[in-house]
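See structure below.
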Protein chains: 2
Amino acid sequence: MSRSSQRSDRRSRPQRDRPTPPEESNPSELPTGPPPALARGGLRVFALGGIGEVGRNMTVFEYEGRLLVVDCGVLFPAEDSPGVDLILPDFRAIEDRLDDIDAIVLTHGHEDHIGAVPWLLRMRPELPVVGSRFTLALVAAKCKEHRLTPHLREVAAGDRVRHGEWDCEYFAVNHSIPDALAVAIRTPAGLVLHTGDIKLDQLPLDGRLTDLAGFSRLGEEGVDLFLVDSTNAEVPGFVTPERDIGPVISNMFRDTSGRIIVACFASHVHRVQQVLDAAAAHGRKVCLAGRSMVRNMGLADDHSLLNIPDGLLVDIDEAMRLPDDKLVLVSTGSQGEPLAALSRMARGEHRSITIRPEDTIILASSLIPGNETSVFGVINGLTRLGATVVHQGNAKVHVSGHAPAGELLFLYNAVRPSNVMPVHGEWRHLRANAALAVRTGVPEESVVIAEDGVVVDLVDGRAAITGKVEVGRVYVDGLAVGDIGETTLGDRLVLGEGGFIAITIAMDAKTGRAVSRPTIAGRGFSDDPKALDAAQPLVEDELSRLENENVSDPHRIAQGVRRVVGRWVADNYRRRPMIVPTVITV
Amino acid sequence: MSRSSQRSDRRSRPQRDRPTPPEESNPSELPTGPPPALARGGLRVFALGGIGEVGRNMTVFEYEGRLLVVDCGVLFPAEDSPGVDLILPDFRAIEDRLDDIDAIVLTHGHEDHIGAVPWLLRMRPELPVVGSRFTLALVAAKCKEHRLTPHLREVAAGDRVRHGEWDCEYFAVNHSIPDALAVAIRTPAGLVLHTGDIKLDQLPLDGRLTDLAGFSRLGEEGVDLFLVDSTNAEVPGFVTPERDIGPVISNMFRDTSGRIIVACFASHVHRVQQVLDAAAAHGRKVCLAGRSMVRNMGLADDHSLLNIPDGLLVDIDEAMRLPDDKLVLVSTGSQGEPLAALSRMARGEHRSITIRPEDTIILASSLIPGNETSVFGVINGLTRLGATVVHQGNAKVHVSGHAPAGELLFLYNAVRPSNVMPVHGEWRHLRANAALAVRTGVPEESVVIAEDGVVVDLVDGRAAITGKVEVGRVYVDGLAVGDIGETTLGDRLVLGEGGFIAITIAMDAKTGRAVSRPTIAGRGFSDDPKALDAAQPLVEDELSRLENENVSDPHRIAQGVRRVVGRWVADNYRRRPMIVPTVITV
């Protein structure tokens, strides 16, 4: 689903339109209707999230009436979904067939791959959840918060396991979280390989290489459909090894005598390991800050994925007593999240940490598109307070977890697939990935660019789009799921741009006449308390006019008042607040 | 002013706080109070916009009671100012002294340098407006839209002119718009050089080099204070010559037989020239689309800044009749503005242009930070429809107009200033620029990092911060200026995130008793029409309780109802809509 932008226009009047359903601009090649029945012996694939967008990855495979789900993640909302906490995959296409699912396979533990598992388990609690040890540890922690006890089934790289009807083989891949897997799925219809998120770091910190040899072996056997991570397909070349980040960080630790704060993703165990190593090498203690950072590193430690020298970690109280040159704080907040510790420090609002010119802050993280304003706001705030801020824009303190073009070519050449289906990406990424497949010799007609809901059938060794199931956006806001849709989001966009003007009229139920002066009040419209005074007589005139015409229908009165106030505000202010008339009968 | 981000947090509950006034996190080095009287023979400098932010550039110089203003631009709002059209410099510090201003000098014609001129002229219409020919042409067009007749005074590179008390010399500089100038200001207090926006393209399309020789000559004379563009100070190296973009575009024209659409900034005359040249070379006609594009290129043509081969330009009707391989559309909308033609094409909503797989769209422009979501939305939309999209991320189709670090070093070494004051940038840019000055040998204590409102006095050859005048944000929304402040913006942020719930109660003025059932309605809260049903009895109970306690004060009744509904919605939804009780007495 291509995400149509709803950000306000900076050059002209703001956009007040409702979000455009992506269906309206459907390219001619993509089907709009449901697919025909799956051909006998065929394999069906469709995504309930994650194709045509970055996030909420969830792919469904169907063979002979049985289903296998790969990943079940969340999407973090952009400004077209104001106030929303999370966006889930749309389960509608499978909600009547939950008993047909043999298992849900999780490729790794990032939120965009596991975040929606609890919502799926609420619908079918005993569904087997398959993944590597660390992935399942993160899933278990997440399910515990939701008071769910999942049925976990641990697998490891090299395992070949049957889940119901599904014959699955797991392959080590490296990414920006430990213990990630690719999955090969063998059915009589053909062999499918799904990379999950992947890169080809040839010097991984834990020595766990992406199993290119295994992929080549599959290639020998014949891969009929290859689902490939598209995130970095537009980026040329190769990712610098994670191992090269360590010395950069270590040198900074060596060269500064002030306090050091490192912000990074809470699941990036290897990045944190390099910070721990650098701290140990330069005689600094480390304090982990942020709930998810503490939780995830605890889990990583439990599973021997993190090597913490004795006595290196200190709690925040002890940290505050250490001299500046003996401390490293490792925190979340690298995306400029306003409530995170780092943002509070940048605003000078942190309870215990006051930023000083001697401080060095290292943002050892990527800048996720859409977060630029927040992140630069944090950098400017810290800089303004005199601190030195190091980030990927001015030092090599981060590398991506996704294969760029050069690495994707290695994958295509190892696997030599018959059919390719780019996944995990917006349209620009999918097209770029498709072009790479074609350049390695995959016939253009064998590269299937789908998006969420598009159904791809693999029949007689040939993959083709056959239809589309409905996939919308499922919003989580606070405790409720699914009660927010385009109406609410459209209203929020209008209210957020222009506020509202409320006109309240009390009417005699019997006579249909106003029994008091109307009240007019605005919020988010103007700071001027007298801004709406001039509209009062217009509303009263309109009420008199309607009374003279013997109009007593509250709905028609509301309409008349809305029209008058709307026109007044457009003429006098050129603004478009929401006009909210309320006619109460007494 | 460091801009504190109000974007919603993608990892946790949205931020509902009001925008933090930047004063609250004032670093200890910056003063908060007004400066003392300017020392006799001293020169004072302060910015009413443009330092600590990118946009609304306006610098005020004061000598012996007289004022000179350099630039008067607008800032395009980010998501912390929802619904706002423009942000103006804060004129308060000079509004009682308008008659002291001898002139306003404009360095070039970009909106962030000239956009607020009409608002200043409304306060003092006969103020002399000084600038180069093309700059003044753009100012005149802008003033005409505001029904103002400015008093224009044209200057050219090489001119040395007296404006009242001010002895000004103008120097050619290159930037991403023709006819840009730097200004040297000579007073008995010292010689000041202000670069405006600047780069050092050594192969400019019009042959008009930045006058480095002139800057060196000033350096010989002795520059006491150097105000330097900071925009690209964090970027290492040098800008590729604009001239190198032409062949890239021309080769694309040669290699495609489909329709071509080029989107770029409406004031980038040299970029458009290269598109015209490429079109002429490959037998295509050009159609200019977008009001500002048509207007600006008309002005450029009038001033012989654009060379349009006879018969090359066609209007939209003729363009629609041309074969695909005979047409280039040049349009605005490169920043993903939702109402621009390009965005409408990407959504499949354009009246006459339907994007097809044969189309090539070239975004020959930068991606202004904050616009990523919109721009990528447009790219994804076009890509989804099958078109090929070329942008600075995958081809060399744009270069910046601002000097990066390598070029700034050339400037510092030519000018050899005694004191430096970085301008035009956020804090991260100012600090990076300051570091460059220090590396060329400017003593650290002679580099003054100010922000909007900070007063810098040049006395006896030494620049120092002496105080601060108040500089806030002045918002234009529709027709009104200045009636929107933190209250309205805070309300818009709350409404935009959570909508509102309105409770309306009609009360008997005499008895203080409710005379009807309360109505409860929400907007931007939920799509579920029954969402608020459960709150109804709670409100009625609260009204009964208040009645039993003989509470008849409408304000206290409103408070009680707000509390009950607020608690209910927090407990049941974990959301924070605005709760708006209205008690109307009948």
Side-chain angles (χ1 to χ4, degrees), chain A residues 2-5 7 9-12 14-15 20 25 27 76 78 82-83 336-339 347-348 369-370 372-374 377 379-381 383-385 426-428 431 478-480 483 485 487-488 491-492 495-499 504 506 515-516 519 523-524 526-528 573-575 582 584 586, chain B residues 2-5 7 9-12 14-15 20 25 27 76 78 82-83 336-339 347-348 369-370 372-374 377 379-381 383-385 426-428 431 478-480 483 485 487-488 491-492 495-499 504 506 515-516 519 523-524 526-528 573-575 582 584 586:
Chain A
S2 88
R3 193 190 290 170
S4 77
S5 166
R7 142 184 302 279
D9 181 355
R10 296 168 177 218
R11 306 267 173 269
S12 63
Q15 163 92 333
T20 309
S25 57
F76 295 103
E337 302 89 331
L339 301 181
R347 293 195 300 266
E372 289 81 3
T373 311
S374 314
I379 293 174
N380 284 324
T383 305
R384 186 172 182 274
L385 296 167
E426 300 170 6
W427 270 87
R428 59 197 174 106
R431 288 249 184 232
L479 296 177
D483 75 319
T487 305
T488 295
D491 283 351
R492 285 183 184 175
L495 290 166
E497 295 278 329
T504 311
V515 291
S516 76
T519 69
R523 295 298 292 270
S526 172
D527 274 24
D528 178 2
Y573 282 90
R574 291 260 172 84
R575 296 182 192 166
T582 305
I584 188 166
V586 300
Chain B
S2 88
R3 193 189 291 171
S4 79
S5 166
R7 141 184 302 281
D9 181 354
R10 297 167 176 221
R11 307 267 173 269
S12 63
Q15 164 91 332
T20 308
S25 58
F76 295 103
E337 301 90 331
L339 302 181
R347 293 195 300 267
E372 288 81 5
T373 312
S374 315
I379 293 174
N380 285 323
T383 305
R384 185 172 183 273
L385 296 167
E426 301 170 6
W427 269 87
R428 60 196 174 107
R431 288 247 183 233
L479 296 177
D483 75 319
T487 305
T488 295
D491 283 350
R492 285 182 184 175
L495 290 165
E497 295 277 327
T504 310
V515 292
S516 75
T519 69
R523 294 298 291 271
S526 172
D527 275 24
D528 177 3
Y573 282 90
R574 291 258 173 85
R575 295 182 192 164
T582 304
I584 190 166
V586 300

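If you're wondering where the values come from, they're calculated on a predicted model, not measured in any experiment. Naming convention: chains lettered A, B, ... in sequence-line order (proteins, then strands); numbering from 1 in each chain.
Once rounded to the nearest 0.5 Å, the distance linking CZ of Arg523(B) with CG of Asp491(A) reads 4.0 Å. The CD atom of Glu372(B) sits 6.5 Å away from atom OG1 of Thr373(A), with the distance rounded to the nearest 0.5 Å. Summarising the geometry, atom CD1 belonging to Ile379(B) is positioned 6.0 Å from atom CZ belonging to Arg428(A); distances are rounded to the nearest 0.5 Å.
At distances below 3.5 Å, at least one donor-acceptor pair connects side-chain atoms of Asp527(B) with backbone N or O atoms of Gly485(A). Although no hydrogens or angles enter the test, the distance criterion places a donor-acceptor pair under 3.5 Å between the side chain of Arg492(B) and the main chain of Gly524(A).
In this structure, the side chains of Thr582(B) and Thr519(A) come closer than 4.5 Å at one or more pairs of heavy atoms.
Between chain A and the options Asp528(B), Val586(B), Leu495(B), Asp483(B), heavy-atom pairs under 4.5 Å are most frequent for Asp483(B). The candidate from Gly496(B), Ser516(B), Ala506(B) with the greatest count of non-hydrogen atom pairs under 4.5 Å with chain A is Gly496(B).
Arg431(A) approaches Arg384(B) most closely through the heavy-atom pair NH2-O, 3.6 Å.
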